[in-house]
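The structure presented is a predicted model; accordingly, all values stated were derived computationally and were not measured. Sequence lines set the chain letters: A, B, ... in the order given, protein chains first and strands last, and positions in each chain run from 1.
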2 protein chains.
Amino acid sequence: MLTQILYALSDEVRLSIVRQLDEDGPATCGVFEVDRPKSSLSHHFRVLRESGIVATTRQGTALLNALRRKDLDARFPNLLDAVLERPASTARKRMRT
Amino acid sequence: MLTQILYALSDEVRLSIVRQLDEDGPATCGVFEVDRPKSSLSHHFRVLRESGIVATTRQGTALLNALRRKDLDARFPNLLDAVLERPASTARKRMRT
DNA sequence: TCGATTGTTCGAATATTTTCGTACAATAGT
DNA sequence: ACTATTGTACGAAAATATTCGAACAATCGA
């Protein structure tokens, strides 16, 4: 649901997580530069997961979080790019750095 | 602030107001098809106003609300169109339609 | 000025979110 | 099996938002 996505993105902590995921690619919860205890972070990741913005998969003992860019772009074209203040993506492929 | 805009748009009542403003143009508070008492509506309009999404001007005894499309597009390109699920406006003049 | 129209403001109840400590669960390595 | 590493789940307190009735304010027309 759109409002659920907008709500998830309307929090500075969660938005900063999404920005970092967009810039650096999938990452485990621990690496995020957010000044919060892990139980708080876990809550924010849950909100991101339940709104469909992030997908989480287990990677050994850690959990890897990835931005669901394709799903989001398919359902709400340009929304993620607009929120991330990037030019609208024209289905262009990202290159490895 | 971006999060403030996203928050304002993350409520069904406010989003429906924004959609109606987008489709029908500026309107007074009374005309909106929202099942809420006026004090509740007033609250939602305040949130929309304070986030910079809507501008309100007095028009006789009523208040006219207008979507601040230009300001929004200037500061957060494509955001409003993406939220309204419309194709991104190119804001470019074209010879062909 | 009176009365009708249109919204805002106030205040308090309700609901929802955020926060964070503690306990718990899953996995990996030794 | 034991231990360390990563997160989740729970629960309760604090912070925010929503809701709505009632009172108030601004404007207009007669």
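Computed from coordinates, the Asn65(B) CG to dG7(C) C1' distance equals 10 Å when rounded to whole Å. Separating the CG atom of Leu63(A) from the P atom of dA25(C) is a distance of 16 Å, rounded to the nearest angstrom. Straight-line distance from the CG atom of Leu64(A) to the C1' atom of dT27(C): 15 Å, rounded to whole Å. Per the geometry, CD belonging to Glu50(B) stands 11 Å off P belonging to dT8(C), to the nearest Å. The separation between Phe45(A) atom CZ and dA9(D) atom C1' is 17 Å, rounded to whole Å. What separates CG of Leu6(A) from P of dT17(C) is a distance of 14 Å, to the nearest Å. Protein atom NZ of Lys38(A) is 10 Å distant from nucleotide atom C1' of dC24(C), rounded to whole Å. For the pair Arg58(B) CZ and dT6(C) C1', the computed distance is 7 Å after rounding to whole Å.
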(request) Take nucleotides 11-19 of chain D nucleotide by nucleotide from the 5' end and write B, S or -, depending on whether a protein heavy atom sits under 4.0 Å from the base, only from the sugar-phosphate, or from neither. (result) ------SSB

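Between Asp73(A) and Arg68(A), none of the side-chain N atoms (NZ, or NE/NH1/NH2) sits under 4.0 Å from a carboxylate O, so this pair counts as no salt bridge. A salt bridge links Glu85(B) to Arg75(A): at least one charged side-chain nitrogen sits closer than 4.0 Å to a carboxylate oxygen. Between Glu50(B) and Arg46(B) there is a salt bridge, since at least one side-chain N of the basic residue sits less than 4.0 Å from a carboxylate O of the acidic one.
For the pair Asn78(B) and Ala88(B), the tightest heavy-atom approach, listed with the atom from each and the gap, is OD1-CB, 3.3 Å. Counting all heavy atoms, side chain and backbone alike, Val18(B) lies closest to Leu48(B) at CG2-CD2, 3.8 Å.
Remark: Arg49(B) is in phosphate contact with dT8(C), judged by side-chain N or O atoms under 4.0 Å from OP1 or OP2. Contact between the side-chain N/O atoms of Ser42(B) and the OP1/OP2 oxygens of dT8(C) is found at a separation under 4.0 Å.
Within 6.0 Å of CG on Asp24(B) lie more than 12 heavy atoms contributed by other residues, nucleotides or ligands.
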